[in-house]
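Below: the structure, in structure tokens.
Basis for what follows: all heavy atoms, side chains included, without hydrogens, waters or symmetry-related copies. Keep in mind it's a predicted model, so treat the numbers as computed, not measured.
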Amino acid sequence: MGKIRSLLLICGIIVIFNSCETDFDTIADWEDITVVYCLLNQKDSIHYLKVNKAFLGEGNALVYAQEQDSISYPYSLDAWIEEWTAEGDSLRVAFQFDTTSAFQKEPGMFYYPDQILYKGGPDNWYKIKYIIQPPNDTVGFEKIWFNEDHIFKLKIRNPNTGKIIWSETILVNDFRITEPSTSGQFIKFVENPLYPRTFEWKRAPNDEDGRFRYELNVEFNFREYKNNGDSLDRTLPLTSAVAYPSSGTDLISVSYWDYSFYSTCNSEIPYSDPAVEQTIVKRKSLNINTIVGVAAEEFNLYMQVYEPSTSIVQEKPPYTNVENGIGLFSSRYKNNTTKLLHPESIYDLDIDLKFR
């Protein structure tokens with residue numbers, strides 16, 4: 001009898017579990033989540049704002065992404081930027097964004113060939129920055145459109161729901177590249193260096209805690225002349241690096257061995273197709289361009305979170321500094337110095353490279 005009772009109990013449990021509802025929803029109820037992306041640079045007169053909405057649906061998300069109404073609002077949002085004093089107690093300037101379109105987008109994950117953007121900028125520039133090159137000649141100027149010591153607030157209003165999305169950022173203050181120095185016209189690479197050279201710059205004055213991201217890129221620009229009379233300007237990347245300031249110093253540096261210049265030129269300049277290389281009559285050195293780009297703290301954190309993982313843990317925590325939405329509002333800045341390649345370095349280039 002005990003065995004019969006146990007058998008009936010097991011059968012009852014099986015019946016109960018089999019009668020449970022196994023269907024369940026794989027997606028949640030729709031929620032309006034605004035996705036924002038905007039970077040400020042005080043050297044730019046026009047700024048662009050990307051605003052989308054998050055989407056979720058049954059089926060393949062990549063199919064949804066190809067439909068414009070999946071990620072774009074069907075109406076225009078109200079968007080503007082306010083410039084406040086560093087203390088945050090006085091509004092100085094504000095400008096509105098208007099909708100525009102980016103055309104000729106290449107095929108990819110999201111819809112193309114055009115996408116909706118927001119475009120805007122201040123009416124007047126803030127100051128002039130003169131460009132001085134050796135021997136202390138003013139060769140041009142740049143317009144600076146924002147006060148780099150101020151705070152900038154992005155605000156977006158959905159006219160249909162009244163929802164306000166907002167964020168704020170500081171700008172990256174101007175900084176100076178110290179190596180190559182400003183004292184000479186030329187940069188000279190030697191084939192057999194005893195020590196590595198140093199590309200060096202000062203950290204941005206408002207990066208007190210070393211939380212900005214600094215990216216160095218050095219390029220060799222040259223011109224090719226073809227046997228049909230045409231010419232082509234080419235840029236050869238020499239080195240790139242990400243660097244951060246060390247504790248106790250305002251200087252940031254990256255080492256570079258000169259022989260890398262020659263090995264890179266010899267391997268990357270000639271065309272792999274001999275028939276194409278034979279069409280080149282000669283090449284002419286233009287300049288060596290040293291570029292240092294800086295990302296403010298929020299932009300740096302964003303890139304650190306979403307850069308490719310080198311560990312077995314691929315899941316990453318989301319990062320956003322946008323309130324009532326998700327995304328990024330931050331700033332970036334770039335400085336560069338241009339030098340002529342020294343005649344001796346040009347002479348030392350492999351004769352097969354046809355530099356004359």
Between [X] and [Y], does any side-chain donor sit less than 3.5 Å from a side-chain acceptor?
{"X": "K143", "Y": "N124", "value": "no"}
{"X": "K334", "Y": "N336", "value": "no"}
{"X": "D207", "Y": "Y214", "value": "yes"}
{"X": "N52", "Y": "Y37", "value": "no"}
{"X": "T338", "Y": "N289", "value": "yes"}
{"X": "E168", "Y": "W166", "value": "no"}

Enter the distance from [X]:[atom1] to [Y]:[atom2] here, rounded to the nearest 0.5 Å.
{"X": "D78", "Y": "K155", "atom1": "CG", "atom2": "NZ", "answer": "13.0 Å"}
{"X": "R197", "Y": "K188", "atom1": "CZ", "atom2": "NZ", "answer": "10.0 Å"}
{"X": "I269", "Y": "R283", "atom1": "CD1", "atom2": "CZ", "answer": "6.5 Å"}
{"X": "H342", "Y": "S285", "atom1": "NE2", "atom2": "OG", "answer": "12.0 Å"}
{"X": "F329", "Y": "I81", "atom1": "CZ", "atom2": "CD1", "answer": "4.0 Å"}
{"X": "N221", "Y": "I288", "atom1": "CG", "atom2": "CD1", "answer": "7.5 Å"}

Could you check whether atom [atom1] of [X] has more than 12 heavy atoms from other residues, nucleotides or ligands sitting under 6.0 Å from it?
{"X": "N228", "atom1": "CG", "result": "yes"}
{"X": "Y75", "atom1": "OH", "result": "yes"}
{"X": "R234", "atom1": "CZ", "result": "yes"}
{"X": "D230", "atom1": "CG", "result": "yes"}

Check whether any side-chain N or O of [X] sits under 3.5 Å from a backbone N or O of [Y] as a donor-acceptor pair, and report yes or no.
{"X": "K339", "Y": "S181", "result": "yes"}
{"X": "N300", "Y": "R211", "result": "yes"}
{"X": "N324", "Y": "K163", "result": "no"}
{"X": "K354", "Y": "E277", "result": "yes"}
{"X": "S331", "Y": "L40", "result": "no"}
{"X": "Y126", "Y": "Q42", "result": "no"}

Legend entry - Residues which pass ring-ring contact (aromatic ring centres under 6.0 Å, His included) with H47, listed by chain and number, not counting sequence neighbours: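 Here the qualifying residues are F146.
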
Inset, instruction - State which residues pass ring-ring contact (aromatic ring centres under 6.0 Å, His included) with Y259; sequence neighbours excluded, sorted by chain then number. - result: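 Here the qualifying residues are W257.
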
Legend entry - D174: which of K129, R203, K202 passes salt bridge (Lys or Arg N to Asp or Glu O under 4.0 Å):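 Exactly one candidate clears the test, K129.
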
Inset, instruction - Evaluate side-chain contact (heavy atoms from CB on, under 4.5 Å) for C265 paired with L236, printing each intermediate quantity in order. - result: CA-CA 8 Å; C265 288; L236 176 64; 4.0 Å; yes

[X] and [Y]: same hydrophobic cluster, using ILVMFWY side-chain contacts below 4.5 Å?
{"X": "V242", "Y": "F199", "answer": "no"}
{"X": "F299", "Y": "L216", "answer": "no"}
{"X": "I252", "Y": "I177", "answer": "yes"}
{"X": "F212", "Y": "L171", "answer": "no"}
{"X": "V292", "Y": "L39", "answer": "no"}

What's the shortest heavy-atom distance between [X] and [Y], and which atoms?
{"X": "L286", "Y": "L340", "answer": "O-CD2, 3.4 Å"}
{"X": "A79", "Y": "Q96", "answer": "O-OE1, 3.3 Å"}
{"X": "H150", "Y": "A86", "answer": "CD2-N, 4.0 Å"}
{"X": "S272", "Y": "P274", "answer": "O-CD, 3.2 Å"}

Inset, instruction - Begin from the C-alpha positions of F95 and E83 and carry the test side-chain contact (heavy atoms from CB on, under 4.5 Å) through to its verdict. - result: CA-CA 9 Å; F95 65 86; E83 180 180 343; over 6 Å; no

Inset, instruction - Output, in order, the C-alpha distance, side-chain angles, deciding distance and verdict of side-chain hydrogen bond (donor to acceptor under 3.5 Å, both in side chains) for N173 and Y333. - result: CA-CA 8 Å; N173 284 184; Y333 191 75; over 6 Å; no

Please tell me if the side chains of [X] and [Y] come closer than 4.5 Å, counting only heavy atoms from C-beta onward.
{"X": "V172", "Y": "R332", "answer": "no"}
{"X": "Y262", "Y": "L349", "answer": "yes"}
{"X": "D250", "Y": "P245", "answer": "no"}

Inset, instruction - For this output row, return yes or no: ring centroids of F261 and F189 closer than 6.0 angstrom. - result: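 Under 6.0 Å, so yes.
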
Legend entry - Matching residue for P180 among V218, T198, T337 - test: side chain to side chain contact (heavy atoms under 4.5 Å, CB included):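 Filter result, single survivor: T337.
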
Inset, instruction - Determine the sole option in E224, R223, K284 for which the side chain to side chain contact (heavy atoms under 4.5 Å, CB included) test with S231 is passed. - result: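 Of all the options given, the one that passes is R223.
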
Inset, instruction - Could you please spell out the steps behind the side-chain hydrogen bond (donor to acceptor under 3.5 Å, both in side chains) verdict for T34 and Y73? - result: CA-CA 9 Å; T34 305; Y73 286 94; 2.7 Å; yes

Inset, instruction - Start with the C-alpha distance between K43 and N335, add both sets of side-chain angles, then the distance that settles side-chain contact (heavy atoms from CB on, under 4.5 Å), and finish with yes or no. - result: CA-CA 10 Å; K43 290 184 179 181; N335 259 342; 3.2 Å; yes

Inset, instruction - Take L238 and Y256 through the side-chain contact (heavy atoms from CB on, under 4.5 Å) test and state the conclusion after the steps. - result: CA-CA 9 Å; L238 297 178; Y256 179 79; 4.0 Å; yes

